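All chains are named by letter (A, B, ...) in the order of the sequence lines, taking the proteins before the strands, and each is independently numbered beginning at 1. This is a predicted model, so every value here is computed, not measured.
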Amino acid sequence: MAVGNEEDVSALLADVARRAQAAGRTDLSERIVAHAERLARPDVVVVVAGEFKVGKSSLVNALVGAAVCPVDDDIATSVPTLVRFASEPGVHVRRLADDAPQPVEDIARLVTEQGNPDNREDVRIVEVGVPSALLADGLILVDTPGVGGLSSTYASATMTTLALADAVLFVSDASQEYTRPELDFLAAARKVCPEVVAVLSKVDVVPEWRRISELNEGWLAGAGVPGPIVATSAALQLRGIAGDRADLRDESGLAALVGRLRGVTGRVRRTMAAGALDEARAVLGQLAAPLRAEHEALADPDATIARLEEAVESARRLSADSDWAALLDDGMIDLENQVGAELGRRMKAVLADAGRTVGTSDPAAGWDEFGAALARRVSEEVSAVAVGVGDLAGALATRLAEEFAEHEALIAPMVVAPPVAAVLPLAGEAPPTLTRATPWRGVLMDAGWGGLEALGVMGSILTFTSISLFNPFSLVIGVFIGGKTVRDARRRDVERRRDQAVEAVEQYVRDAEQAADRELQATSRRIRRELRTTYQRRADALYRSARESLAAAQRTIGSDDARRESRRRELADRLGDLEALAGGAGG
Amino acid sequence: MTFVAEVSRLVASAAQLYAGTPGRQQVDEIGARLAGPLRVAIAGKVKAGKSTLLNALVGEELAPTDAGECTRVPWWFRDGLTYRVTLRPRVGTPQAARFTRTDGALEVDLGDFDAGDLESIDVEWPSRALRTLTLIDTPGIASATPALTHAAERFFSPDDERAGPADAVIYLMRHLHAADVGFLESFTDDAFAGSTPVNTIAVLSRADELGVGRLDAMESAARVAGRYRQDRRLARLCQTVVPVAGLLAQAAVTMREDEYRLFRRLAELPDGELEELLLSVDRFAARPGPAPAAERVALLRRFGIFGTRTAVHLIREGLGADATALKAGLLAVSGVDDLRSLLAQQFAARSDLLKGRAALLALADLVRRMPVAGTDALEADVERVQAGAHELVEMRFLNALRSGELTLPAGQDAEAARLLGGDGPDPRARLGLDASAGDADVRAALADALGRWQRRAESPLAFGPAKEAAQAVVRACEALAAGLAYGLE
Ligand SMILES: Nc1nc2c(ncn2[C@@H]2O[C@H](COP(=O)(O)OP(=O)(O)OP(=O)(O)O)[C@@H](O)[C@H]2O)c(=O)[nH]1
Ligand SMILES: Nc1nc2c(ncn2[C@@H]2O[C@H](COP(=O)(O)OP(=O)(O)OP(=O)(O)O)[C@@H](O)[C@H]2O)c(=O)[nH]1
Ligand SMILES: [Mg+2]
Ligand SMILES: [Mg+2]
C-alpha cells in the first residue's frame with residue numbers, strides 16, 4: 001500500500017489496530033489507537049510573539065475571525081492566551097492553584113494588564129475555545145504578552161513557550177524596520193523553535209510599508225530566517241469579515257499567512273504520521289513474531305527454540321528492570337545535578353552583578369527599577385536553565401530509544417524497511433526528520449505528549465518565569481529596610497543602605513534559586529516518570545511477544561506430521577500478508 | 001548678584017588665569033555657551049521621529065528624515081546671519097561643507113569624510129525659532145546598527161568631558177521600552193553632572209500611531225502619556241511626558257497652498273467615497289479620486305494617514321476655512337503647541353539656570369584637568385557657588401522630590417515641588433495660580449504659602465532632609481516676594 005496521504009495512513013493504522021485486537025493484543029492496539037487519535041487531531045502549537053503593541057492580539061483575532069483576544073491602544077495582553085478549536089465558545093483558566101472554566105465575558109478581566117495588572121490573579125495560561133474553521137485541524141494559536149515592555153519579565157516566559165512550539169509568528173509593525181531588541185529576539189527564537197514566520201503588521205496605515213518590508217527582509221536574511229515576510233492588515237481583514245467584503249479580505253494579506261500556517265500544520269502532521277508508521281511497523285513486528293517462530297520451528301525446531309529462549313530471557317530482563325532503567329535513572333540524576341549546578345552558577349553570576357550595581361550607586365535612588373531588573377534577570381536565567389533541561393532530557397531519551405531498538409530487533413525481527421522519512425512522498429520538500437527539530441518537543445513526544453500536553457508539563461516553568469513563585473523583591477527589601485529609611489537620602493547613610501541592599505539581594509536570589517530548583521527538579525521528575533511508564537509498557541509488550549512466540553514454537557513441535565505442511569503454508573501466507581502491510585507502513 | 005552673573009564672574013576670572021595657555025580657548029567656549037541660546041538635544045530610540053520633530057520645532061524641513069535609519073551624526077542647528085554648514089571632524093580642523101536643499105531637507109556633501117569620522121555637523125541657519133534655543137538632532141539608540149547607538153552614547157557622555165554638550169534634553173519615545181529607561185538612566189546617574197528630571201522632557205512621539213491613525217488617536221496617546229506620568233520610574237528621569245504627532249506638525253507648519261486645495265477637494269467627496277479612499281494607504285494611492293495619484297501619494301507621505309484624515313475632518317467641521325485656519329487646527333491637534341509652551345515654561349524660563357549649571361560643571365572640569373597658578377582658589381569658588389546658589393539648591397530638592405529620593409509628610413510633595421518651580425519658575429505657576437490671576441491673589445497666595453512652610457520648617461517634629469526641604473521652600477517663597485517686591489505684613 002502506498003502511503004500517499006493521511007487517509008491511507010489512518011486506514012493502515014486502523015487495520016493494524018484491528019489485527020492486534022484480533023490477536024488479543026490490546027496492549028499493542030492501544031498504542032496504535034493513541035497515535036491514530038493524535039494524528040486525527042494533532043495539537044499544532046503556533047506562538048504569536050513580538051514587541052508590545054505591534055498587533056499580535058489583533059492578528060490572532062483576524063485569523064480566527066472573532067474578537068477573542070482583547071485589543072487596546074495601550075498595553076493589553078499580560079497572560080499567554082491559547083486559542084483552540086471548540087464547537088462552543090468557552091474560556092478555561094489555568095491558575096497556579098487550580099484550573100477552572102470561566103464565563104467568556106471574563107477574558108478581558110483575566111488576560112489584560114488593566115484587568116489583571118502584574119497578573120495578580122496568578123493566571124498561568126488562559127485557554128479559549130472558538131468554532132473557527134482555521135483551527136479545526138488542530139492548529140492552536142498562542143497570543144503572548146509583548147516582549148519589550150518596561151515591566152517585562154514576560155520575554156523569558158515567551159522564550160520558554162517558544163521552545164515548545166511548532167512555529168512562531170514573529171510580528172513587527174510596518175512603522176519601523178527591525179530594532180536591535182527585535183533582532184536579538186529573532187535570533188534567540190530561531191535557535192529554540194523549528195520555524196519562524198515573519199509578519200509585518202498594520203500595512204493599511206503606513207505609506208512606506210513596502211520599503212520597511214524590504215529592509216526587514218535584508219535583516220532576516222542576515223539572521224538566517226527564511227522569508228518572505230507576510231504583510232498583513234488585521235484591521236482590513238476584520239472589516240472585511242464584518243462587512244462581508246472580499247476586496248478588503250484580499251487586501252489584508254491574511255490569506256498568505258493562512259497558507260504559511262497550513263504549511264506548518266502539514267509539516268507537523270507529516271512528522272507525526274512518520275512516527276505513527278514507525279509504531280505500526282514495530283507493532284506488526286510483534287504480531288508477526290509468534291507466526292514467524294512457529295514457521296521457523298517447523299523447519300528447524302532446535303535452533304528456533306534456542307533463539308526464542310534467549311529472546312525471552314532478554315525480554316524478561318528488559319521488563320524486570322535492567323539496563324535501560326538504570327540508564328534512565330543515572331541519566332536523570334546526572335541531569336538533575338547538572339541543572340542544580342548550572343542554576344547555582346547562574347545565580348552566583350546574578351549576585352556578583354547585583355553586588356557591583358549596589359556597590360557603585362545609592363540603592364535608595366532606584367529600588368523599584370533595581371528590583372524589577374533583578375527579577376527580570378533572575379527569570380531570564382531560570383528560563384535558560386529550563387530550556388537546557390530539555391536539551392539534556394532530549395539527549396537521554398534518544399539514547400533510551402536506541403537501546404530499545406536493539407532489543408526489539410532481537411525479539412521481534414521484522415521487515416527490514418528503509419527509514420520512513422526516506423519513503424514518505426513529500427513533493428518538493430525536505431523530508432521530515434525523526435529526530436525532531438527541538439529536543440524539548442522530541443523528548444516530550446517520545447514520552448507520548450503532543451504539543452498541548454507539552455505546554456502543560458512546562459506550565460510550572462512558564463509560571464515560574466512569568467510570575468514569581470517567591471516573594472517579590474520589594475517585600476524582601478522591606479524586611480531589611482523600613483519604608484521610611486528607604487527614602488532617607490542623607491549621604492552618610494549610603495554605606496548602611498548598601499549593606500542592607502546586599503543582604504536583601506542575597507536573600508532574594510537564594511529564595512529564587514530554591515524555588516527554581518524545586519520547580520525544575522519537579523519537572524525533571526515528571527519527565528522521568530512518564531518516560532519510565534512509557535518504556536515499561538513497551539518492555540512488557542515485548543516480553544509478552546517473546547513468551548507467546550516461544551509457546552507457539554513449542555506447540556508446533558508437539559503437533560502431528562500430517563497437519564504440518566498445511567500449517568506451514570498458512571503461516572507463510574499470513575506472514576507475507578503482515579510483511580506487505582509493514583512494507584506499506586515503511587517501504 | 002544673580003546666579004548667572006556670579007557664574008559669568010567666575011568665567012571671567014578663569015579667562016584671566018588661563019590667558020596665554022591652551023586652556024584659554026576652552027574658557028572662551030564656556031563663556032560663549034553661557035552667552036548663547038540654550039542647547040536642547042533631541043534624543044531617543046532610532047526612528048522615534050527625532051529629526052521630524054526638530055523640523056516641526058524649527059518650522060522648516062531642514063534635518064533629513066527617512067523611513068530607514070537616517071541620522072548618523074549629531075547635527076547642530078543654530079541661528080546665524082548666513083546659511084552655513086560646517087563639518088567638525090573628530091581629528092583635524094572644521095571645514096565648510098557644500099550643501100543643497102532638495103525636497104525640503106538639507107543635503108550635505110561630506111566630501112572625503114565618512115559619517116563615522118565626524119564629531120558633528122554644524123548648521124547655521126537664520127531662523128527665529130532658533131534664536132532662543134539651539135537644537136541638536138542626535139543619532140538613535142537601540143539601532144540594529146551598533147555604530148549608531150555608540151554615536152548617540154558618545155554624544156551624551158563623551159569620555160573627555162564630564163559636562164555633556166546639551167543643557168537640556170527632549171527625550172522621544174514611542175512606547176516605553178526597556179531600552180528607553182536604560183538610556184535615560186545612563187545619563188542621569190550622576191546626581192549633578194548628567195541630565196536630571198528638571199532638564200529633561202519626555203515626548204510620546206509619533207503619537208498618532210498609538211491609535212493607528214484613527215481620528216481619535218491623539219486621545220489614546222494622551223491616555224498613555226497620562227499613565228506614563230504616573231510611573232515612578234519615569235518621574236525619576238524626566239519632568240513630564242507629552243504626546244506629539246511630529247509628522248503632522250512638520251507637515252502643517254510647512255503646508256503649501258496646493259496641499260490645502262487638495263484637502264478641500266477630498267473633503268467635498270461624498271461620504272462613502274471618502275471613507276473608501278481613506279480605508280488604507282494603498283487605496284488612497286491607487287483608487288480613482290481627486291488629483292493625480294502622484295499628488296495624493298505625496299500628500300500622504302507628508303501628512304500621514306492620520307494627518308490626512310484629520311485635515312479632511314477639520315475642513316468638514318468648518319475648522320479649515322482657509323489654509324491658515326487649517327494649519328492652526330492641525331498644529332493644535334498634533335500636540336506640538338503644548339510642547340512649545342512646555343519648552344518655554346520649563347526650559348526657556350530656566351535658561352540661565354540650566355546654562356549656568358552646565359558652565360559651572362565645565363569650569364570645575366577644566367580646573368581639575370588643567371590646573372594653572374591660581375586655579376585652586378577658582379576651584380573653591382566654583383564649589384561654593386555650586387553648593388550655595390539658591391537656584392541650584394532649589395533644583396536639587398526638586399529633583400530629589402521627583403525621583404522619590406525625598407518624600408515629605410502626606411500631601412506636601414506636590415505643593416513643595418510646585419513652589420520650587422516644578423511647574424515652571426514663573427510666580428503664578430509656582431503658586432498654582434492661573435496666568436491671569438491678579439496681583440492681589442498672588443500676594444495672598446504667597447503670604448499663605450510662606451506662613452505655612454515657615455511653620456513646617458520650624459516645627460520641632462521636622463528633621464533631616466524634610467526640614468531642609470521645607471527651608472528651601474521658604475527661601476523660594478522669600479525670593480518670590482523679594483523678586484516681585486511685594487510688601488508682606
Ligand atoms: N490599522 C490597523 N490597526 C491595527 C492593526 N493591528 C493592530 N492594530 C491596532 O494596534 C493596536 C494594538 O493592537 P493589539 O492587537 O492590542 O497589539 P498587541 O501586540 O497584542 O499589544 P500588547 O498585547 O499590548 O503587546 C490596537 O489599537 C489595534 O487596533 C492593523 O493591521 N491595522
Ligand atoms: N505617523 C507618523 N510618522 C512619523 C512621525 N514622526 C516621524 N514619522 C516617520 O518616522 C520615520 C522616521 O522619522 P525621523 O524623524 O527620520 O526619525 P529619527 O528619530 O530622526 O530617525 P533616526 O535619525 O534614523 O534615528 C519617517 O518615515 C517619518 O515620516 C509621526 O509623528 N507620525
Ligand atoms: Mg495583545
Ligand atoms: Mg533622525
Side-chain angles (χ1 to χ4, degrees), chain A residues 51-53 55 58 72-75 146-152 155 173-183 202-212 214-215 219 222 233 235-236 239 247-248 251-252 360-362 364-369 372-373 376 483-484 486-490, chain B residues 45-48 66-69 140-146 149 174-182 185 189 191 206 208-214 217 219-221 223-224 227-228 231-234 236 279-285 297 300-301 304-306 400 403-407 464-465:
Chain A
E51 290 277 3
F52 57 140
K53 295 273 58 83
S58 303
D72 197 90
D73 292 347
D74 199 355
I75 298 293
V147 292
L150 185 54
S151 60
S152 173
D173 71 24
S175 67
Q176 171 175 13
E177 70 185 292
Y178 291 143
T179 59
R180 186 79 261 157
E182 286 183 307
L183 287 171
K202 305 189 191 173
V203 299
D204 56 318
V205 287
V206 181
E208 307 220 47
W209 68 265
R210 287 183 180 82
R211 186 71 210 291
I212 301 290
E214 260 167 49
L215 290 168
W219 288 115
S233 165
L236 286 179
R239 246 190 130 105
D247 59 333
L248 294 182
E251 195 185 330
S252 77
T360 53
S361 59
D362 180 354
W367 279 127
D368 294 352
E369 298 75 35
R376 195 158 53 228
K484 206 167 156 206
V486 177
R487 310 262 166 258
D488 184 346
R490 269 171 306 183
Chain B
K45 264 177 66 174
V46 64
K47 299 266 70 76
D66 187 54
E69 289 187 349
I141 57 162
S143 156
T145 321
T149 296
R174 297 183 60 192
H175 263 116
L176 194 53
H177 192 280
D180 292 309
V181 178
E185 271 172 348
D189 42 12
R206 303 178 64 162
D208 53 317
E209 291 181 326
L210 257 97
V212 259
R214 292 187 317 264
E219 285 153 36
S220 262
R223 189 161 55 90
V224 174
R227 182 168 66 74
Y228 287 162
D231 191 313
R232 289 250 321 271
R233 283 165 289 199
L234 259 194
R236 280 187 55 223
L279 265 183
S280 77
V281 290
D282 284 0
R283 275 163 191 264
F284 189 77
V297 171
L300 198 59
R301 187 153 291 180
I305 192 100
F306 173 70
S403 68
E405 243 176 77
L406 173 70
T407 45

Say you draw a straight line from NZ of B/Lys47 to CD1 of A/Ile212; how long is it, rounded to the nearest 0.5 Å? 8.0 Å
Closest heavy-atom pair and its distance - B/Leu300, A/Pro207: CG-CG, 3.9 Å
When rounded to the nearest 0.5 Å, the distance separating CG of B/Leu279 from CZ of A/Arg239 is 4.5 Å
Assert top hit (heavy-atom pairs under 4.5 Å, partner chain B, pool A/Asp204, A/Asp73, A/Leu215) equals A/Asp73
Test log, rule side chain to side chain contact (heavy atoms under 4.5 Å, CB included), inputs B/Arg223 and A/Asp72: CA-CA 12 Å; B/Arg223 189 161 55 90; A/Asp72 197 90; 3.5 Å; yes
Report the distance from atom OG1 of A/Thr179 to atom NZ of B/Lys45, rounding to the nearest 0.5 Å. 4.5 Å
4.5 Å side-chain heavy-atom contact, A/Asp247 and B/Arg283: yes
Relative to chain A, which segment of B/Asp208 carries a heavy atom at a distance below 4.5 Å: side chain, backbone, both, or neither? neither
Do any N or O atoms from the side chain of B/Arg206 and from the backbone of A/Ser175 form a donor-acceptor pair under 3.5 angstrom? yes
Which residues satisfy the side-chain contact (heavy atoms from CB on, under 4.5 Å) test with A/Glu208, sequence neighbours excluded? A/Arg211, B/Ala67, B/Arg301
Which heavy atom of B/Val281 sits nearest to which heavy atom of A/Val203, and what is that distance? CG2-O, 3.4 Å
Please check if any side-chain donor atom of B/Arg174 sits under 3.5 Å from a side-chain acceptor atom of A/Gln176, or the reverse. yes
Check ion pair A/Lys202-B/Glu209 (N to O, under 4.0 angstrom): no
Identify which part of A/Glu251 has an atom lying under 4.5 Å from any heavy atom of chain B, answering side chain, backbone, both or neither. side chain
